[in-house]
Visitor: 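Sharing a structure here in structure tokens format.
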Amino acid sequence: MNMLCLAKVKFDLRDPDEVYFAQREIDSLLGTKTEFVKTIASLVREKPFNLLDNEVIHLITRLVYMGEGQGFLAEIPVREIVSIVKKATFFREIYVIFETKSNSEVLNLLNKIGISIHSEQLENKKIDPNHYTQILLKEVSGKNKLVAVRFLPYQTLFEYVTEVKKLPAAVFRPKNSENWKDYFKEKEAGIEKGANELLEHLKIGHYRSPHFGLGKNHVGDFVDWASTDLRKPFLHYLHKYKGKGDPRMSRALINLLNVKEGDTILDPFAGSGAFIADAQTMGINAIGIEVLNIGKMVAEVKCNLGINTTTVRNAAIKLFESIDEPLFKQDIKDELLGLKDKLRKDTGNNSACKKIEPHLGKILLLKKEIEKIKDGEVKKLFLILLSQQVVEYSEKSRTWDIVNSFKSYVEDRYLTLYATKKLAEVLDVNFSGSKTKIIKGDSTNMSVVEDNSIDGILTSPPYFDAMDYIGNNEISILVLGLDEDLMWGSTKDFYEAKHREESKYESLPLFIRDRYLAIELPESSSRLIELLEQSRRSHKSKIVQNYLKMMKLSFEECYRVLKNNKYYLMVISKYHVWTIDGKEEVIDTSTVLADLGKSVGFKVADVIEHGLSKADKGKIGVEDILVFQK
């Protein structure tokens, strides 16, 4: 027996390319090719949609994406769907529709889909077996039953629950808070009240029109329209990090890997952890390799949704109480002078240094208080939250007190975490059920990862010389005392042979520096290097050559650790525009990287072109996702 599956895309997509990427995601999850639905309302003319009750039609046609394409339709054999609901990214709702002849058959088919109910519940026209599922029944043609099952994907719920922070109970200062303990207690109560209202609204609030303008006091005012603000689920956007992956795209990439709960994925260029952060929400283990301490530190915090919220809250209360004490303003004159001198020297007293300097005294005091926290995970979280304030105050001249800004940011991130964990309890999602490990290392030497042990790889490597990850985080690196990160000089210097470890494997006959010279590059790489040399851009040529050799070594390592027939998804710039002999030349860098992968044994299974997937834009406008297979 077959059923219809309709996946309705989110109405707040921010880029038209996301629609086409959403189809790839749902095709991969369902294991079949879906039909592109331009207008969902047009389906109502056809069976079985024209047999549905008005309420169901209203639900299906409400809050649709206003661009080209509103969903995807497939007729498939009855199968388990709940696991897809737990993983899907780009969808507001997923519907399953089928017709049956008896109640026993209804129960049997629902069980196959992944839903268990009691036979007496079938006497109702609407059944809510859990917080993310609705079953809507209608008798048709004799005693046949038309069954429509409405699913709310987990990721959508986790996006929406962060919106409850905007409700009055969570926004305004509690009236009865005489101390920080009472303050947080009332804020938490506001979050819980808002989360319950959210779940109720998503089930029964579909006839309510959202209120626009000022005076929003209902959760529907925030989740039922395409806000200009990014929805920020989990701990994404915790810390600004140039070139980090977009959370929706990153999660969808995990789904394109065709991995399941208990599998292990790898990001060999982890950065701030964006590409693997959602693995913990899907029961998937993850390993991230990152060479910079600042990136590793951000990634470890972002990928730690299992952190104890009670411990975080208590640490925040104690920290805020310490900040409010007169003793907080202790004498740090000598330390402050030392920090100022270090920043001026290492940054060349650039504009970022000048902007942050007026705030350094308070930053240093905050850091000293944070370092008193005994719990290592919580201490790391607060240091990263402080680092984000450092980034903001070094980018723009700000007059608002950085201590108050820091306290507000800690509160905001804590309430996000609290709302997320409360929803996870309702959905029975265990953030500690899988493990994510961030390893400080180099993707050209991943000897800590065993051969044929990885079920899927996804990453976005450096784009030749498009972005300097070190320079973009320099002030935070210095303030946090992560000076080791500056030894590279810049991202471009990292590509040089001297940074490749020589103790890779016992079987290597040559030192790595000699091996660099012996590395053979594909023809497309050689042509690119030759083009730069002929245009007398010898410095650029050397950077590109070192980069390509580094990438080939990384490809070899990825091929070694990946299991047979598994996939490696690489997000890479499609083109670079470089000046050659005084003219702008479009360089097909995607092809160059594809050829490098093939040179170590990978086959290119697919190439997906799309608009920029980065949350922070660099010089790149169009990207390819190279789908390699071992």
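Just so you know, these numbers use all the heavy atoms, side chains as well, and skip hydrogens, waters and symmetry mates.
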Visitor: Within the structure provided, determine whether Thr309 and Lys422 are in side-chain contact (heavy-atom separation under 4.5 Å).
Guide: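 No. Closest side-chain heavy atoms not under 4.5 Å.
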Visitor: Measure from the side-chain N and O atoms of Asn196 to the backbone N and O of Glu192, and report whether any donor-acceptor pair falls under 3.5 Å.
Guide: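 It does hold such a pair.
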Visitor: Report yes if some heavy atom in the side chain of Phe222 is under 4.5 Å from a heavy atom in the side chain of Lys165; otherwise report no.
Guide: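 Not in contact.
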Visitor: Would you tell me whether Glu411 and Tyr183 have side-chain atoms, one donor and one acceptor, within less than 3.5 Å of each other?
Guide: yes
Visitor: Between Thr459 and Asp267, is there a side-chain donor-acceptor contact under 3.5 Å, judged purely by atom types and distance?
Guide: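 Note: Asp267 and Thr459 side chains meet the donor-acceptor criterion.
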Visitor: Count the heavy atoms of every other residue, nucleotide or ligand shown that sit under 6.0 Å from NZ of Lys421, and state whether that count exceeds 12.
Guide: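 Yes.
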Visitor: Can you check side-chain contact (heavy atoms from CB on, under 4.5 Å) on Ile384 and Lys302, steps first, answer last?
Guide: CA-CA 10 Å; Ile384 288 302; Lys302 187 183 295 183; over 6 Å; no
Visitor: Checking Thr416 side chain against Asp412 main chain: does a donor-acceptor pair fall under 3.5 Å?
Guide: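 Answer holds: yes.
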Visitor: Do Asp15 and His610 pass the side-chain hydrogen bond (donor to acceptor under 3.5 Å, both in side chains) test, and can you show the C-alpha distance, the side-chain angles, and the key distance before you say yes or no?
Guide: CA-CA 10 Å; Asp15 190 306; His610 67 100; over 6 Å; no
Visitor: Side chains of Leu385 and Ile370, heavy atoms from C-beta outward: is any pair under 4.5 Å?
Guide: no
Visitor: Could you check whether the rings of Phe184 and Tyr414 sit parallel, tilted or perpendicular, using 30° and 60° as the cut-offs?
Guide: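 Rings of Phe184 and Tyr414: perpendicular, as their planes differ by over 60°.
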Visitor: Is the Phe234 ring parallel, tilted or perpendicular to the Phe431 ring (thresholds 30°, 60°)?
Guide: perpendicular
Visitor: Looking at Asp428 and Lys86, is any side-chain nitrogen of the basic one under 4.0 Å from a carboxylate oxygen of the acidic one?
Guide: no
Visitor: Parallel, tilted or perpendicular: which fits the ring planes of Phe406 and Phe382, with parallel below 30° and perpendicular above 60°?
Guide: perpendicular
Visitor: Considering residues, nucleotides and ligands other than Lys193, do more than 12 of their heavy atoms fall under 6.0 Å from its NZ?
Guide: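 No - once you tally the heavy atoms of other residues, nucleotides and ligands closer than 6.0 Å, there are 12 at most.
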Visitor: Quick one: do Glu395 and Lys355 make a salt bridge, cutoff under 4.0 Å?
Guide: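 Looking at Lys355 together with Glu395, the answer is no, because their closest N to O distance does not fall below 4.0 Å.
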Visitor: Could you tell me if Arg398 and Ser405 have a donor-acceptor pair between their side chains, going purely by distance under 3.5 Å?
Guide: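 No, Arg398 and Ser405 have no side-chain donor paired with an acceptor closer than 3.5 Å.
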Visitor: Determine whether Lys396 and Glu392 satisfy the following criterion, salt bridge (Lys or Arg N to Asp or Glu O under 4.0 Å), listing intermediate values before the conclusion.
Guide: CA-CA 6 Å; Lys396 295 180 181 179; Glu392 290 187 6; over 6 Å; no
Visitor: Judged by modelled atom types alone, do Ser272 and His239 share a side-chain donor-acceptor pair under 3.5 Å?
Guide: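 Checked: Ser272/His239 side chains show no N/O donor-acceptor pair below 3.5 Å.
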Visitor: Quick one: does Lys372's side chain get under 4.5 Å of Lys318's, heavy atoms only?
Guide: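 No, side chains not in contact.
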